[in-house]
Amino acid sequence: MKNVRPILYAWFALLTLLALTIGASFAPLGPVLPFVSYAIAIAKTVLIIWLFMEMKTRDGLQRIALGVGFAWLFILLLLSFADILTRGWLGA
Amino acid sequence: MPDARAVQPQFPTLERQNDADHFGMLLFLSTEVLIFGGVFAVAFTLRAEHADYAQASKQMHYWIGGINTGVLLTSSALVALMVEAVRAGRAKLAGWLLGGTIALGLVFLALKFTEYALEYRDGVVPILSDANLHGGVERLFMDLYFVATGLHALHVTVGLCLLGSLLWPFGRARRERTAVFAGNAALYWHLVDIVWVFLYPTLYLAR
Amino acid sequence: MSPSQVNPRMSQEAVPDTPEERRSYLAEGHSLRSWLLTTDHKRIAILFMVAITFFFFCGGVAAALIRLDLLTPAPDLMSNDGYNRAFSLHGIIMVWFFLIPSIPTTFGNFLLPLMIGAKDLAFPRLNLASWYIFVLGGLFTLITVVAGGVDTGWTFYTPFSSTYSNGAVFLAITAVFISGFSSILTGINFIVTVHKLRCPGMTWGRLPLFVWSIYTTAIIFVLATPVLTITLVLVALERVFGLGIFDPALGGDPILFQHLFWFYSHPAVYIMVLPAMGVVSELITNAAHKQIFGYWFVAGSAIAIGVIGFMVWGHHMFVSGQSPYASAIFSFLSIVVAVPSAIKVYNWTATLHKGEIVIDGPLLYALGFIGLFTIGGLTGVMLAMIAADVHLTDTYFVVAHFHFIMVGGSVSAYFGALHFWWPKITGRLYNDMWARLAALLIFFGFVMTFAPQFVMGYEGMPRRYHVYPQVFQPLMVMSSVGSSVLAVAYVLPFFYLFWSLRYGKPAGPNPWGATGLEWTTPSPPPKDNFETVPVVDKEAYCYPEQGRAGEPQTQQAESVDA
């Protein structure tokens, strides 16, 4: 049971981030808000993956196995939004 | 204590077999990431194409969603501790932690369905009760909300079934193969948690 | 057999009639139960082979109806609606129930463990589950047919599929949705097997190229299929409950559907063609009796195709209303993906160069693949050019292009694999003269069917119409006649291959003098493949003496009696 402390720290950090993301949504951030929200969500995910899912102690292959899903999701979003965000640029 | 009978003939060692199980589970989780990725693609498109997206999001019960996020994060921490306890051979402690995880999972579902009930009462459920649901992006947003949270609730239920199968028959938590299964079930539970971590700001906190 | 009927590739050193002490996998029980509850990867491969052959036949019937109707410019055989349903069914069945599973689930299943020196796949029960899921999906397809079929085409474009179509869209979507899980499970199984079950000495640099192809294909299975799964769920929800996801009437984005759909369906083309490329690498090296030219280029180009193949899907959407900026990016990436494919073609050709080539059935299939795939690939580069594509979108040019890749390429390779590994799977030798005849018939029948379609498409004949101007009739008739030649050529192997089961000579463990580990086992292999775990001490395709049998990758040739 040597990993109890990191798990508890991570849990505490996660709840802090949760409070932060709720608080940020009420701040007058305007168009910056999504970036703050998703940055916090990514930070939470990193904590969960690294400490709860134990990727910290896993070999490269296992990290790739999990990471590849996120990487390919990034490809999907990046190239789809290359269309969706630029569609109005012509002939608006 | 390694159980020799648990090694299947195609594996040279039990260690390799456990490794393969773990690796296979992580690949499966990658497919789950991409399944939910489709839902997020829809959500991001909706947000990019409709300026009123934030307006629709403001009608969500953000505090129920917030409590639910806390519930899931805590249950994830408990299940991570449970895996540690199983590995350390502390079956009784593992049993309690597992019970706690499952209880929190049930709390999550209960809150989720309370929220659905509130929305039904408010008349913002598409098709079933749409008295107060205006057309346009509000309707699209609620469609997306029910698809996304419904799919997530389905995964929570599957996760609970996986974890529940560890609980019974009681005391299986001692054997090494069970530790592997417990580890993999916990991985699934963490992924369900991650999905919610992204759903929460997407649906509730767009202001 | 007369000399012309014997395959010239047969190595003189082969010892045919070794009495086998170990029971073959085929002899492990003959009951239906012993097949339906098996976890042996070889038996599951046979189960898949039976299932996909059935669907190949179903899809073929639909194709025959289409070609028959197109003999005349008038709509005489089918109604408009009937024609729409025929080509939709043809597409759905051929794509998801034949081409996607074809080589991976049959030869991949059979050969992957054998080639890497393993006793089975990593998850044998999951493998069987994958077959049952596939069959369940297939059942839904058949129910779709009974329920009246679908008229959306295989692409299920919204909002037609979700709102307006009067076909059994929900059933068809369910069928494809279910079969997707079969793909995902097979993919996970293959990836884990390649990583965790290679025998001692089988380093990544010694893997047969077929394994590299199947491995890449499995990665695509795992990363592409989930996106299709969720997309189909969303379409089904929209159709059944009237939710607004893609529906433009409610403010949804129908082009988003196309993005999500092609994120799967373009890589799916590589699911169909990569395993075929792996087969060709095996067939070519063995026919030339040479080490592959540029092993790492061939292996690496498979991975490159797998990765870049995910970034080109927008070339299906140049006229959809997609942003021209995105189109420019997709056009560029689509041209880039042709590079690794070209590398492969050059390397196969260079492997044949100065080889002691044996011209037999399997080689003719492999050469057919190279020729037809090259034409299909080059016309693909043409279609990647936006200016040309705007003119050619939804014409017969596109139809001809992807049939050259999928049918000319992949199906030829499937038959090549069937002929090359038939002696391993069944333990029998077939009559090679018939094999050569069938291979030639497939090639010429295919070209006759689809080459005219390039011309028609270039001249503006749109796809998915069964009424057409009189001027196209000669080319249409040529195409239909070609398709009947093709049909005969596809049926022919069933006769001589089944004949060989009863009358063929025993093949012996390694009739071709090939180098892979699968050829060190008896034919057909016993249930657990290898008596002792093989130890690999050589690279793949080691042919030290020109024109002679190669050296197996392991010294322990256990089956050639010790």
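Model, not experiment: these values are computed from the prediction. Proteins get letters first, then strands, A, B, ... in listed order; numbering begins at 1 in each.
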Given heavy-atom pairs under 4.5 angstrom as the criterion, report whether the side chain, backbone, both or neither of B:Leu34 touches chain A. side chain

Check for a donor-acceptor pair, side chain of B:Ser57 on one end and backbone N or O of B:Ala206 on the other, with a separation under 3.5 Å. yes

Can any side-chain N or O of A:Asp59 pair as donor or acceptor with the backbone N or O of A:Gln62 at less than 3.5 Å? yes

Is it the side chain or the backbone of B:Glu32 that comes within 4.5 Å of chain A heavy atoms, both, or neither? neither

In sequence, state the C-alpha distance, the side-chain angles, and the governing distance for B:Trp189 and B:Ser76, and then conclude on side chain to side chain donor-acceptor pair (under 3.5 Å). CA-CA 7 Å; B:Trp189 192 252; B:Ser76 249; 4.6 Å; no

Interface moiety of A:Ile22 toward chain B, non-hydrogen atoms closer than 4.5 Å: both

A:Leu51, part contacting chain B, at a heavy-atom distance under 4.5 Å: neither

Can you say whether B:Ala80 sits under 4.5 Å from chain A via the side chain, the backbone, both, or neither, judging by heavy atoms? both

Atom group of A:Leu77 that falls short of 4.5 Å from chain B, counting heavy atoms: side chain

If we define contacts as heavy-atom pairs under 4.5 Å, which of A:Leu17, A:Leu18, A:Leu8, A:Ile64 has the most with chain B? A:Leu18

Which is it for B:Thr149 and B:Tyr116 under the side chain to side chain donor-acceptor pair (under 3.5 Å) test, yes or no, and what are the steps along the way? CA-CA 10 Å; B:Thr149 56; B:Tyr116 285 161; 2.7 Å; yes

At a heavy-atom separation under 4.5 Å, does A:Thr21 approach chain B through its side chain, its backbone, both, or neither? both

Any chance CZ of A:Phe26 has more than 12 other-residue heavy atoms, nucleotides or ligands included, within less than 6.0 Å? yes

Sort out for me which of B:Thr31, B:Val33, B:Leu93, B:Thr69 touches chain A most, counting heavy-atom pairs under 4.5 Å. B:Val33

Within the side chain of B:Arg139, is there an N or O that forms a donor-acceptor pair under 3.5 Å with the backbone of B:Pro126? no

Sort B:Ala41 into side chain, backbone, both or neither according to what part of it lies under 4.5 angstrom from a heavy atom of chain A. both

Test B:Tyr145 against B:Gln59 for side chain to side chain donor-acceptor pair (under 3.5 Å), laying out the working first. CA-CA 12 Å; B:Tyr145 164 79; B:Gln59 324 228 335; over 6 Å; no

Would the distance check show the side chain of B:Gln17 and the main-chain N or O of B:Gln8 forming a donor-acceptor pair, the cut-off being under 3.5 Å? yes

Engaged part of B:Tyr200 at the chain A interface, taking heavy atoms whose separation is under 4.5 Å: side chain

Give a yes or no on this: more than 12 heavy atoms of other residues, nucleotides or ligands lie within 6.0 Å of atom CZ of B:Arg90. no

Is A:Leu85 in contact with chain B via its backbone, its side chain, both, or neither, using a 4.5 Å heavy-atom distance? side chain

Who wins among B:Tyr62, B:Trp63, B:Phe40, B:Phe36 for the most heavy-atom pairs under 4.5 Å with chain A? B:Tyr62

Note: vs chain A, highest number of non-hydrogen pairs under 4.5 angstrom among B:Val83, B:Asp193, B:Thr74, B:Val79 is B:Thr74

